[in-house]
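Below: one structure, written as structure tokens.
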Amino acid sequence: MDAGQLLNKLISRTGLLEQHVQTLCRLEPLMAPMASEIALAFYDYLGRDEEMRAILWEVPERSSGCIISDSKR
């Protein structure tokens, strides 16, 4: 799955809307120091979904670069 397809799939599965993007942009100054923790929590959330888990972690070229341990999935 190429990056564009993955992004579209993530947007459709999470329900991200333009208003969410605008809110996230406004919160950036407050949230930037916690970005890595927020990203890990987001990927943990996605990992609970069977389809997303397969897309993100079961594709061989993606699993070698995964920074989330198996215990977090």
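Just so it is clear, the values below take in all heavy atoms, side chains as well, and ignore hydrogens, waters and symmetry mates. Treat the numbers as computed from the prediction; the structure is a model and nothing was measured.
Once rounded to the nearest 0.5 Å, the distance linking CE of Met31 with CZ of Arg26 reads 13.0 Å. Atom CG in Leu46 sits 5.5 Å away from atom CG in Leu10 (nearest 0.5 Å). Rounded to the nearest 0.5 angstrom, Ile55 CD1 and Lys9 NZ are separated by 5.5 Å. Note: Tyr43 OH to Met52 CE = 10.5 Å, rounded to the nearest 0.5 Å. Distance CG/Leu6 to CZ/Arg13: 12.0 Å, rounded to 0.5 Å.
Placement of Leu30 and Leu24 in two distinct hydrophobic clusters is found when ILVMFWY residues are connected by side-chain heavy-atom separations under 4.5 Å, directly or transitively. Met34 and Leu27 fall within a single hydrophobic cluster, where Ile, Leu, Val, Met, Phe, Trp and Tyr are joined by side-chain heavy atoms under 4.5 Å apart, directly or via other members. No continuous path of ILVMFWY side-chain contacts below 4.5 Å connects Phe42 to Leu16, so the two sit in separate hydrophobic clusters.
Asp49 and Glu51 get closest at one heavy-atom pair: OD1-N, 3.1 Å.
In terms of modelled atom types and a separation under 3.5 Å, the side chain of Glu28 and the main chain of Cys25 share no donor-acceptor contact.
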